[in-house]
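Remarks on the structure that follows.
In each ligand, atom 1 is the first atom listed, and ligand 1 is the first ligand listed.
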Amino acid sequence: MTTKVQTAIFPVAGLGTRFLPATKATPKELLPVLDTPLIQYAIDEARAAGIKRMVFVSHTSKPAIERHVMDDIRLRRELEARGKPRLAEELKEAAFCPKSDDVVFTMQDEPRGLGHAVLCARDHVLDGPVAVILPDDLILGAPCIGEMVEAYDRGHMVATMTVAPEDVSKYGVLAVTGHDGRITHAHGMVEKPAASEAPSRKAVIGRYVLDADIFDALETQAPGAGGEIQLTDAIAKRAQERPISGFSFSGTRFDCGSKSGMLEATLHLAEQDPELADVLYAYAGAHTRTQSAA
Ligand code: UTP
């Protein structure tokens, strides 16, 4: 059995209720940070990690995701005809081509939780461990899943970061037993604990490299928090005998499943673009908190 990570799973079948009404007709995963949809950042990260097969777990109500992800020859030809060959080329590079890329779309019939979405990918993965990437956790800077694939040895690895005590209840949290460089060893994991009951402040972020036995664990996983089949519960199942590895990644993470995280990510990227930085600082200079609150 290989330890090479050949498959990335992108669960994109959720309802995106925190972004309604924006997500009534537009999938959350297509909301842009500046001009690039969240799903594109996730795809670029998986490509940079050298992953071969990309499996999207989507829903029939979200066909726009496939439209974005796959190459659109007609649009490219139209752009070329209008004298925009460079834009056409950029779109081609970002998209997958059915002939040369290994891409699978499969459907989750109902949003029964992240664990259930990952299970829906089971019949489509290649041999060995799988990467799972949640597009609404945007990680900029060093590509997180690439760092994890490189550090991965065996078992289940989750990306982790230390969060403030008041924030632990938003995350899966590791029950830590020790540290070894960038790896945190844990013998368990609790989904969204109350601050007073959290085993640590090491929160799990939306990047995973999971042993293929995760699918067996998910098959028998009972619904957990929120009545959903939780991926964290399945990962934690055998953690007493086989510790979970938490990986401290070097990039900067933005919670783009929330409005505040989306705004932060947008400002972060705007600050790095000379033209947009001028707009940003001019706006900030002209508006004080009292003015904008008035
Ligand atoms: P979230 O819980 O952040 O997304 O799931 P959501 O449920 O769509 O959003 P809210 O909380 O209602 O605003 C993280 C990722 O997992 C996918 C989502 O599409 C998102 O990319 N997901 C979630 C599924 O594919 N299926 C599910 O049943 C649940």
Review point. Within a reach of under 6.0 Å around CD of Gln272, are more than 12 heavy atoms found that belong to other residues, nucleotides or ligands?
Key: yes
Study note, to complete from the structure: The closest protein heavy-atom partner of atom 28 (O) of ligand 1 is Gly113 N, 2.8 Å
**Study point:** Atom CD of Glu241: over 12 foreign heavy atoms under 6.0 Å
**Key:** yes
Study note, to complete from the structure: Counting heavy atoms under 4.0 Å, the part of Glu228 that contacts ligand 1 is neither
Revision key, fill the gap. Residues at least two apart in sequence or cross-chain that pass side-chain contact (heavy atoms from CB on, under 4.5 Å) with Ser61, listed by chain then number, are His59
Study note, to complete from the structure: atom 17 (C) of ligand 1 sits nearest the protein heavy atom Pro11 O, 3.4 Å
Check your understanding: Going by the order shown, which atoms of ligand 1 are within less than 4.0 Å of some heavy atom of Pro111?
Key -> 28 (O)
Exercise for review: Determine whether any heavy atom of Pro135 lies closer than 4.0 Å to an atom of ligand 1.
Suggested key: yes
Check your understanding: Can an N or O of Ala13 be found at a distance shorter than 3.5 Å from an N or O of ligand 1?
Key -> yes
Check your understanding: Where is the nearest protein heavy atom to atom 2 (O) of ligand 1: which residue, which atom, and how far?
Key -> Arg18 NH2, 4.4 Å
Check your understanding: Salt bridge check: are Glu78 and Arg82 linked by an N-O gap of less than 4.0 Å?
Key -> yes
Practice item. Could you walk me through whether Val55 and Phe10 pass the side chain to side chain contact (heavy atoms under 4.5 Å, CB included) test, one step at a time? Key: CA-CA 6 Å; Val55 181; Phe10 302 87; over 6 Å; no
Exercise for review: Establish, from distance only, whether the side-chain atoms of Thr177 and His185 form a donor-acceptor pair under 3.5 Å.
Suggested key: no
Review point. Is the shortest heavy-atom distance from the side chain of Met161 to the side chain of Lys202 under 4.5 Å?
Key: no
Review point. Does at least one non-hydrogen atom of Gln108 fall below 4.0 angstrom from an atom of ligand 1?
Key: yes
Check your understanding: ligand 1 versus Thr17, non-hydrogen atoms closer than 4.0 Å: side chain, backbone, both, neither?
Key -> both
Point to revise | ligand 1 atoms in contact with Arg112 (distance to a heavy atom under 4.0 Å) | key: 28 (O)
Exercise for review: Looking only at protein heavy atoms, identify the closest one to atom 7 (O) of ligand 1 and say how far it is in Å.
Suggested key: Leu15 N, 4.1 Å
Review point. Does Ala117 approach ligand 1 within less than 4.0 angstrom via side chain, backbone, both or neither, non-hydrogen atoms only?
Key: side chain
Review point. Relative to ligand 1, is Glu29 under 4.0 angstrom through side chain, backbone, both or neither, heavy atoms considered?
Key: side chain
Review point. Is there a donor in the side chain of Thr220 and an acceptor in the side chain of Lys237, or the other way round, less than 3.5 Å apart?
Key: yes
Point to revise | Six-ring centre of Phe96, Arg47 cation under 6.0 angstrom, axis tolerance 45° | key: yes
Review point. Which residue supplies the protein heavy atom nearest to atom 8 (O) of ligand 1, what is that atom called, and how far is it?
Key: Gly16 N, 2.8 Å
Check your understanding: Once the angle between the rings of Phe254 and His268 is folded into 0 to 90°, is it parallel (under 30°), tilted (30 to 60°) or perpendicular (over 60°)?
Key -> tilted
Study note, to complete from the structure: Min over Thr23, Asp255, Asp136, Val118 of heavy-atom distance to atom 5 (O) of ligand 1 lands on Asp136
Exercise for review: For atom 22 (N) of ligand 1, find the nearest protein heavy atom and state the residue, atom name and distance (0.1 Å precision).
Suggested key: Gly14 N, 3.6 Å
Study note, to complete from the structure: ligand 1 atoms nearer than 4.0 angstrom to some heavy atom of Leu114 are 16 (O), 29 (C)
Check your understanding: Are side-chain N/O atoms of Arg242 and His156 paired as donor and acceptor at under 3.5 Å?
Key -> yes
Review point. Got the closest protein heavy atom to atom 9 (O) of ligand 1, with its distance?
Key: Lys28 NZ, 3.1 Å
